Amino acid sequence: MILQSNALINLSHKQRNLFLGILFDLIGMLTYLVPFLGEFADTIWAPLGGIMLSYMYKGTIGKVGGIIEFLEEILPFSDFIPTFTLTWIYTYVIKNQEK
């Protein structure tokens, strides 16, 4: 019974992280819609995105992902990379296959 409960909690975290990851990736890409203002918005979104990614994924994955998210958002013309979604894929698909 306890194992079933833990599986449901893990599933809900997995779904929540996927939903939030896609949402945050879309927010990061929205800055392309407004020329010139978009790069200014990236200076605000870059640290926020990095902090949120490191909060969503604990440990080394979160720290490295947060740094990559920050760099991806702060560097010009790299907003198209879906860092949150790629982190989710690494965490829940690739890393789980290694076990």
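No experiment lies behind these values; they were computed from the predicted model shown. All values below were derived from every heavy atom in this structure, side-chain atoms included, with hydrogens, water molecules and symmetry-related copies excluded. Position 1 is the first residue of the sequence; numbering continues from there.
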Please say yes or no: joined through hydrophobic side-chain contacts below 4.5 Å, possibly via intermediate residues, are [X] and [Y] part of one cluster?
| X | Y | value |
| --- | --- | --- |
| L48 | L71 | no |
| F80 | F70 | no |
| M52 | I44 | yes |
| V64 | M56 | no |
| F19 | I89 | yes |

Quick one: side chain to side chain contact (heavy atoms under 4.5 Å, CB included) partners of I51, sequence neighbours excluded?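 Scan of I51 (side chain to side chain contact (heavy atoms under 4.5 Å, CB included), adjacent residues dropped) gives none.
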
How long is the span from the [atom1] atom in [X] to the [atom2] atom in [Y], to the nearest 0.5 Å?
| X | Y | atom1 | atom2 | result |
| --- | --- | --- | --- | --- |
| H13 | L18 | NE2 | CG | 14.5 Å |
| D25 | T85 | CG | OG1 | 3.5 Å |
| L86 | I68 | CG | CD1 | 9.5 Å |
| F24 | N17 | CZ | CG | 9.5 Å |

Is a side-chain N or O of W45 found less than 3.5 angstrom from the main chain of I74, in a donor-acceptor match? no

Could you tell me whether a side-chain N or O of S78 sits under 3.5 Å from a main-chain N or O of L75, the two making a donor and an acceptor?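 Side chain of S78 to backbone of L75: a pair is present.
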
Is any side-chain heavy atom of L53 closer than 4.5 Å to one of F84? yes

Sequence neighbours excluded - side-chain hydrogen bond (donor to acceptor under 3.5 Å, both in side chains) pairs with any residue from residues 61-73: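 Counting only pairs at least two positions apart or across chains, the side-chain hydrogen bond (donor to acceptor under 3.5 Å, both in side chains) contacts touching residues 61-73 are E69-T83, E72-T83.
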
May I have all residue pairs that pass side-chain hydrogen bond (donor to acceptor under 3.5 Å, both in side chains) and include part of residues 46-57, sequence neighbours excluded? none

